[in-house]
Amino acid sequence: MISLKIDGKLVKAERGATILQAAQKLGLEIPTLCHHPALEPYAACRICMVEVIKERKSELVTACNTAVQQGMTVWTKSNRALAARKMNLELLMARAPKVKIIRAMAAEYGIKKIRFPVENPEEDCILCGLCVRVCESVVGASAICFANRGSDRTWSKPFDKASDTCIACGVCTYLCPTGAIQMEAETAQQFRERPGEHRECRYSLMGILPYALCANSFRCAQCEVDQRFRDHMDTHPIFVARNCDLESVSAYHEFLKRVRKE
Amino acid sequence: MKTYRSYCMVCAGTACVSNRSFHIKEALEREIEKQGLQDEIAVVTTGCNGFCAVGPLVVVHPEGIFYQQLREEDIPYVVEEHFLKGRPVKRLMYSPPGEQTPIPKMNDIGFFKQQRLIALRNRGLIDPERIDEYIARDGYFGLAKALKMKPREIIQEIKDSGLRGRGGAGFLTGLKWELTRKAKSNGGKFVLCNADEGDPGAFMDRSIVEADPHSVIEGLIIGAYAIGANQGYIYIRNEYPLALKRLIIALEQARNYGLLGKDILGSGFDFDIKIVRGAGAFVCGEETALMASVEGRLGEPRPRPPFPTEHGIWSKPTNNNNVETWANVPSIIRRGAQWYSQIGTETSKGTKVFSLVGKINNTGLVEVPMGITLREIIYDIGGGIPHEKAFKAVQTGGPSGGCIPAELLDLPVDYESLSEAGSMMGSGGMVVLDEDTCMVDIARYFLSFTQDESCGKCTPCREGTKMMLHLLKKITEGKGTEEDLETLEQLAHEVKETSLCGLGKTAPNPVLTTLRYFRDEYEAHIKEKRCPAHVCRQLNTYRIDPDACTACGLCRKECPEDAISGGKKQPHLIDQQKCVKCGICFDVCKFEAVCID
Ligand SMILES: Cc1cc2nc3c(=O)[nH]c(=O)nc-3n(C[C@H](O)[C@H](O)[C@H](O)COP(=O)(O)O)c2cc1C
Ligand code: SF4
Ligand code: SF4
Ligand code: SF4
Ligand code: FES
Ligand code: FES
């Protein structure tokens with residue numbers, strides 16, 4: 001066990017735990033946009049910045065991927081950390097001004113005016129990479145990817161064609177903090193055009209059910225099977241199917257639910 | 001080996017080759033044969049000599065006579081005069097700008113005199129395509145010595161030498177080796193050579209590989225042995241065909257000599273090197289992106305830690321060093337840490353290769369001891385600023401370095417001094433700027449490069465550099481406000497603080513240093529709507545001097561807006577209401593009658 005101090009409070013965390021995990025143990029909230037406990041840290045949104053004091057030197061780091069160290073002092077709400085978060089939120093506001101979660105966070109951080117030009121007021125993807133990563137590392141389908149470099153980067157499908165590996169599990173839509181990705185619906189439409197024996201239920205594609213055909217024309221929302229899973233799981237079924245660490249996953253969804261409501 | 005009376009070393013670096021140095025070589029061989037001198041005079045092709053500005057060039061040894069800007073027509077005369085009659089040809093020698101007396105010998109020329117060659121010690125002296133010439137200059141002696149040492153001793157030697165990484169951050173090389181050696185692995189470790197060199201205008205790594213590929217290979221073998229790696233990779237950009245070709249030849253020759261492969265020199269140590277070609281994205285020079293690219297994945301940086309020394313290529317411990325870092329290793333092992341650590345300053349040991357470009361007389365590649373001042377590099381070696389213009393600043397460290405002003409010309413060049421000045425060593429690019437440069441415009445220029453090369457993964461770099469560029473454009477167009485300046489400074493600060501990889505962390509440097517040293521220029525653009533260097537056209541007012549105007553009418557004809565009036569023998573006049581400030585009149589007037597207010 002490693003002991004450290006966060007916002008003045010002493011906490012013990014396991015070796016290899018992140019600052020974010022240690023802070024959550026204390027009930028301290030550090031905002032995140034690109035992090036999900038079932039995925040490897042990506043450290044791209046740069047919203048979870050905190051200030052760390054090590055050997056009398058202060059440094060800004062991302063809480064989602066920085067491991068705790070013995071004797072470390074962390075400040076999650078120092079002026080320096082807040083200023084950094086605020087600037088990155090302002091930049092995200094200029095990118096995707098209508099996205100609810102960004103607006104809510106910006107309001108929380110007291111951002112009133114966006115000093116940068118808005119290129120596309122309809123933009124809704126903040127490039128957090130959750131969709132691409134979950135599809136690759138949890139689903140194992142790699143049905144989506146990123147295309148282009150720099151400020152032209154977008155999420156896309158390999159070779160920009162309809163995906164033939166997507167299983168319509170919908171976890172990308174489920175994780176997307178902004179509602180920018182709707183692969184599930186798109187793939188369901190393709191499934192409907194398939195011949196009989198290929199009209200497999202997404203739950204059997206996920207490996208939760210044995211081989212079963214869809215009897216409901218892929219209208220999952222109105223389906224009994226789907227309803228049953230939703231009633232019994234407080235997370236997306238794919239995480240259960242792939243044996244993800246559920247405790248931490250649900251903590252994330254609690255957080256997401258709350259932010260979305262606000 | 002057969003010996004000759006004289007050796008004609010024809011430069012076959014990229015710049016000289018594009019200046020037809022292979023034709024010079026053929027002409028030399030032809031003429032030498034014609035004069036029956038083929039048993040007395042040898043013609044050898046070498047890598048880049050560094051003084052590319054005066055190429056194509058030939059150095060005649062043993063005297064070291066330096067011929068420059070040669071043309072094929074000059075060759076019969078040179079062969080007859082120099083080799084037959086023993087009279088070196090003065091007219092083809094180098095004279096410093098503004099001077100008449102030529103300097104016959106290479107080592108007397110200011111450009112070469114103050115250089116100290118370690119990484120480039122074989123440049124111009126050997127044919128890079130022949131391993132025997134490398135060996136004749138003590139090549140692979142370091143390796144032979146290392147294989148008799150314990151890995152721990154080699155690492156200690158590198159640590160004691162004080163060698164620091166030449167690829168950017170200046171991390172202690174010996175320490176990195178030690179970390180990789182100590183890292184646990186469940187199946188092998190790797191050594192990696194970063195030859196991506198994406199900085200525009202930089203060509204030190206290319207030059208080392210072209211002039212002396214075996215020095216890099218020898219360094220890698222020594223490192224691999226010390227670290228306990230059996231596989232090495234050299235990641236080199238595909239736009240370096242000559243370097244690539246020489247590397248392939250060198251690897252093949254090293255294998256044939258038993259220097260690579262199984263049981264190297266009977267030591268029981270196995271090691272080989274693969275070449276991986278990079279597609280030329282700047283960000284792929286960042287080591288985590290580079291390693292992803294080696295594995296065939298998207299070249300995108302990932303957070304560190306975990307560091308490559310623990311978690312590198314295929315998740316195995318990987319020791320990555322820059323080309324120049326590796327090229328220093330054989331000499332350190334051969335001559336000892338003691339010898340190496342005497343060169344340089346307290347914290348920065350040895351030498352560094354710089355590429356000198358921009359507004360400077362002697363553009364080229366130089367290797368100098370650490371601690372030399374910027375003034376010595378720019379004036380003594382670089383020959384100062386052309387056309388008697390004043391020096392304004394030097395941008396060190398590539399597109400994401402900083403601009404260092406004239407007040408700091410006596411700054412000793414080492415890692416710490418450069419970063420205290422707001423810039424960095426980077427990979428060793430130096431762009432000299434003269435009084436005609438607008439510092440706001442130059443910041444915009446460098447930022448447009450880094451913005452374009454951002455991979456787009458993290459928010460501050462992707463969005464932040466775009467907005468910084470937007471604000472800089474606004475200021476150079478005369479539309480900037482004081483609030484914009486404040487936003488720019490704040491944004492630059494946060495992008496530097498919060499970006500994921502070195503690209504975003506350093507991209508704001510040109511903005512931050514020009515704000516620090518040349519703030520008055522930003523203010524002139526904003527408050528007075530004036531560009532002091534007259535570079536930002538939107539801020540210029542064009543006017544015709546009636547005394548100088550000859551009424552030739554050229555500007556009137558060329559003006560796209562018909563903003564210029566005037567008849568025969570009548571001084572012309574610009575209608576400021578119509579003028580769109582394109583500057584065409586200024587460029588076309590032959591009588592310097594159009595002036596900028
Ligand atoms: C955007 C970016 C580009 C880089 N490009 C190069 C490069 O072209 N060559 C290089 O050796 N290092 C480059 N680096 C530095 C590498 O990440 C790494 O630090 C270096 O190769 C380590 O070698 P060294 O310790 O020998 O310097 C780059 C870093 C960044 C952030
Ligand atoms: S719905 Fe398709 S694209 Fe989305 S995560 Fe599932 S398999 Fe991947
Ligand atoms: S579509 Fe959604 S989940 Fe995917 S990168 Fe964009 S914002 Fe993130
Ligand atoms: S600056 Fe351009 S528009 Fe103005 S007078 Fe000259 S040519 Fe014409
Ligand atoms: S949550 Fe840490 S960088 Fe996005
Ligand atoms: S290529 Fe000949 S001096 Fe550089």
Side-chain angles (χ1 to χ4, degrees), chain A residues 16 18 33-35 40-51 58-62 64-67 69 80-96 102 113-119 123 126-129 132 136 145-155, chain B residues 279 281-284 288-289 297-307 311 315 448-471 473-474 481 483-501 503-505 507:
Chain A
T18 62
L33 279 171
C34 69
H35 186 65
E40 287 288 312
Y42 188 57
C45 73
R46 316 306 280 179
I47 292 299
C48 66
M49 307 293 320
V50 294
E51 191 169 350
S58 123
E59 197 189 356
L60 278 188
V61 302
T62 38
C64 64
N65 73 307
T66 307
Q69 273 175 28
R80 195 164 158 210
L82 293 182
R85 260 178 232 162
K86 228 172 132 167
M87 182 59 84
N88 287 335
L89 277 172
E90 189 178 340
L91 288 168
L92 285 176
M93 274 295 278
R95 174 186 176 86
I102 302 294
K113 190 176 150 212
I114 306 305
R115 291 169 293 176
F116 309 116
V118 173
E119 216 164 79
E123 178 64 68
I126 56 166
L127 298 171
C128 69
V132 173
E136 184 187 333
C145 62
F146 280 125
N148 303 331
R149 203 172 60 199
S151 50
D152 296 332
R153 174 185 274 238
T154 51
W155 78 264
Chain B
F282 180 59
V283 75
C284 281
T288 61
R297 290 185 292 120
L298 184 66
E300 185 180 279
R302 60 154 178 81
R304 296 179 313 174
F307 287 96
H311 200 271
S315 306
S448 65
F449 174 82
T450 38
Q451 192 266 332
D452 201 45
E453 293 292 334
S454 161
C455 82
K457 177 171 174 174
C458 76
T459 309
C461 178
R462 181 188 63 240
E463 310 293 331
T465 55
K466 188 170 80 179
M467 295 311 173
M468 273 157 67
L469 189 61
H470 159 79
L471 290 168
K473 275 190 185 146
K474 218 173 141 187
T481 63
E483 196 204 333
D484 288 336
L485 192 60
E486 200 183 304
T487 310
L488 177 66
E489 196 160 19
Q490 215 184 343
L491 180 59
H493 176 76
E494 297 300 351
V495 171
K496 190 180 169 89
E497 282 229 313
T498 68
S499 287
L500 170 64
C501 91
L503 196 155
K505 281 187 204 296

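Chain naming here is simple, since letters A, B, ... match the order of the sequence lines and numbering starts at 1 in each.
Take B/Thr481 and apply the side-chain contact (heavy atoms from CB on, under 4.5 Å) test, not counting sequence neighbours, and it matches B/Glu483, B/Asp484. Residues passing the salt bridge (charged side-chain N to carboxylate O under 4.0 Å, His left out) test with A/Glu90 are A/Arg115, sequence neighbours excluded.
Only the side chain of A/Glu119 comes within contact range of chain B, with heavy atoms under 4.5 Å apart. When heavy atoms are compared at a cutoff of 4.5 Å, A/Ile47 does not approach chain B at all. Contact annotation for B/Lys457: both backbone and side-chain heavy atoms come within less than 4.5 Å of a heavy atom of chain A. Only the backbone of B/Ser499 comes within less than 4.5 Å of a heavy atom of chain A; no side-chain atom from C-beta onward does. For A/Arg153, the part lying under 4.5 angstrom from a heavy atom of chain B is the side chain only. For B/Arg302, no part sits under 4.5 Å from any heavy atom of chain A, backbone or side chain. Heavy atoms closer than 4.5 Å to chain A are found in both the backbone and the side chain of B/Gln490.
Distance CZ/A/Arg80 to CG/A/Leu60: 4.0 Å, rounded to 0.5 Å. To the nearest 0.5 angstrom, A/Thr154 atom OG1 is 8.5 Å from A/Phe146 atom CZ. Note that CD of B/Glu489 is 6.5 Å distant from CG of B/Leu485, once rounded to the nearest 0.5 Å. Interatomic distance, A/Met87 CE to B/Thr459 OG1, rounded to the nearest 0.5 Å: 13.0 Å.
With chain B as partner, the option from A/Cys34, A/Pro117, A/Ala83 having the largest number of non-hydrogen pairs under 4.5 angstrom is A/Pro117. Most heavy-atom pairs under 4.5 Å with chain A, from the set B/Pro305, B/Cys455, B/Cys461, B/Cys458: that is B/Cys455.
Within 6.0 Å of the NZ atom in B/Lys474, the count of heavy atoms belonging to other residues, nucleotides or ligands exceeds 12.
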